Amino acid sequence: MTIRFAQPPDLPQLLQLYTHLHNNPLPDELPEPLWRDIMTDPNHHIIVAEQDDQLVSSCVLLIVPNLTRGQRPYAWVENVVTHADYRKQGIGGAVLQFAKDIAVQRGCYKIALMTGATEPSTLRFYERAGYNSTDKTGYIQWL
């Protein structure tokens with residue numbers, strides 16, 4: 001297994017992997033302009049795990065510049081997904097560790113994520129990765 005940053009040719013496989021994220025449908029066409037924007041944004045990282053020449057896990061890591069906390073940035077994790085056939089093998093945890101390592105290298109003072117999952121096994125997965133649900137209260141407003 002290799003964990004790395006996504007590269008431009010990964011888009012079709014990444015979109016296929018995202019179908020394992022809340023049954024996310026494949027788009028009708030490849031979102032090439034959006035993909036170029038993501039690939040050139042120095043604070044937007046898509047981390048992927050590749051095994052058997054296939055993308056099997058991924059997360060998005062955003063580094064947010066910040067004027068508080070000594071002007072240290074913070075990190076945000078989104079779109080954590082592992083292909084159903086590759087779950088419970090430590091791959092998703094390794095992807096989250098890679099994201100954490102990048103956040104530490106970039107001097108972030110915290111890394112955060114929110115989940116809509118309610119399954120105890122998913123919540124334990126995040127806790128094993130070092131996240132807790134007691135330090136902050138999360139809210140969301142859908143737009």
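Since this is a predicted model, take the numbers as computed values, not measurements.
In this structure, Y74 and T68 have side chains that are not in contact, with every pair of non-hydrogen atoms separated by 4.5 Å or more. Annotation: side chain of F125 is not in contact with side chain of K88 (no heavy-atom distance under 4.5 Å). No side-chain heavy atom of S58 sits under 4.5 Å from any side-chain heavy atom of V95. When side chains are defined from C-beta on, Y126 counts as touching L96, because their heavy atoms get closer than 4.5 Å. Using a 4.5 Å cut-off on side-chain heavy atoms (C-beta onward), L30 and W35 make no contact.
Summarising the geometry of A103 relative to I63, their closest heavy-atom pair is CA-CD1, 4.3 Å, with the distance given to 0.1 Å. Of all non-hydrogen atoms in C59 and A99, the two that sit nearest each other are SG-CB, 4.0 Å. Shown here for R72 and C108, the closest heavy-atom pair between the two residues is NH2-O, 3.0 Å.
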Quiz item: Would Y86 and D52 count as a side-chain contact (heavy atoms from CB on, under 4.5 Å) if you check the C-alpha gap in whole Å, the side-chain angles of each, and the deciding distance to 0.1 Å?
Solution: CA-CA 11 Å; Y86 291 84; D52 305 323; 3.3 Å; yes
Exercise. Could you go through the side-chain contact (heavy atoms from CB on, under 4.5 Å) check for N24 and T19 one step at a time?
Key: CA-CA 4 Å; N24 191 56; T19 65; 5.5 Å; no
Exercise. Please lay out, stage by stage, how L11 and E32 fare under the test side-chain contact (heavy atoms from CB on, under 4.5 Å).
Key: CA-CA 9 Å; L11 180 58; E32 296 286 350; 4.3 Å; yes
Self-check item: Verdict with supporting geometry, L26 and Q16, side-chain contact (heavy atoms from CB on, under 4.5 Å)
Solution: CA-CA 7 Å; L26 282 171; Q16 185 64 46; 3.4 Å; yes
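Taken together through direct or relayed side-chain contacts under 4.5 Å among Ile, Leu, Val, Met, Phe, Trp and Tyr, M39 and I102 form parts of separate hydrophobic clusters. Linking ILVMFWY side-chain heavy atoms closer than 4.5 Å, directly or via other members, places I91 and F5 in a single hydrophobic cluster. Hydrophobic clustering of Ile, Leu, Val, Met, Phe, Trp and Tyr side chains at less than 4.5 Å, counting indirect connections, unites W76 with W142. In the hydrophobic clustering of ILVMFWY residues, with side-chain heavy atoms under 4.5 Å counting as a link, L21 and L17 come out together. Neither V77 nor L123 shares a network with the other; the hydrophobic side chains, linked directly or stepwise wherever heavy atoms of I, L, V, M, F, W or Y lie under 4.5 Å apart, form separate groups for each.
Distance check, rounded to the nearest 0.5 Å: CZ of R124 to CD of E119 gives 10.5 Å. Rounding to the nearest 0.5 Å places NZ of K100 at 8.0 Å from OH of Y131. Atom CD1 of I140 is separated from atom CG of L143 by 8.5 Å, given to the nearest 0.5 angstrom. Taking CG of D85 as the reference point, atom CD of Q51 lies at 11.0 Å (rounded to 0.5 Å). We find the CD1-CD1 distance between I46 and I38 to be 4.5 Å, quoted to the nearest 0.5 Å. Interatomic distance, CG of N79 versus CG of L61, reported as 12.0 Å (0.5 Å rounding).
At least one donor-acceptor pair closer than 3.5 Å links the side chain of N132 to the backbone N or O of T134. When atom types are taken as modelled, the side chain of S57 and the backbone of V81 share a donor-acceptor pair closer than 3.5 angstrom. Within the 3.5 Å criterion, the main-chain N or O of Q7 finds a donor-acceptor partner in the side chain of D10. A distance-only check finds a donor-acceptor pair linking the side chain of H45 to the backbone of P42 [under 3.5 Å]. Side-chain N or O atoms of N43 include none that pairs as donor or acceptor with a backbone N or O of L62 at under 3.5 Å.
Using cut-offs of 30° and 60° on the angle between ring planes, the pair H83 and H20 is tilted.
Checking D101 against Q97 by side-chain atom types alone, a donor-acceptor pair falls below 3.5 Å.
Residue R69 qualifies as open at atom CZ: its count of foreign heavy atoms under 6.0 Å is 12 or below.
Screening I3, T2, L55 for a side-chain contact (heavy atoms from CB on, under 4.5 Å) involving V48 leaves a single residue, L55.
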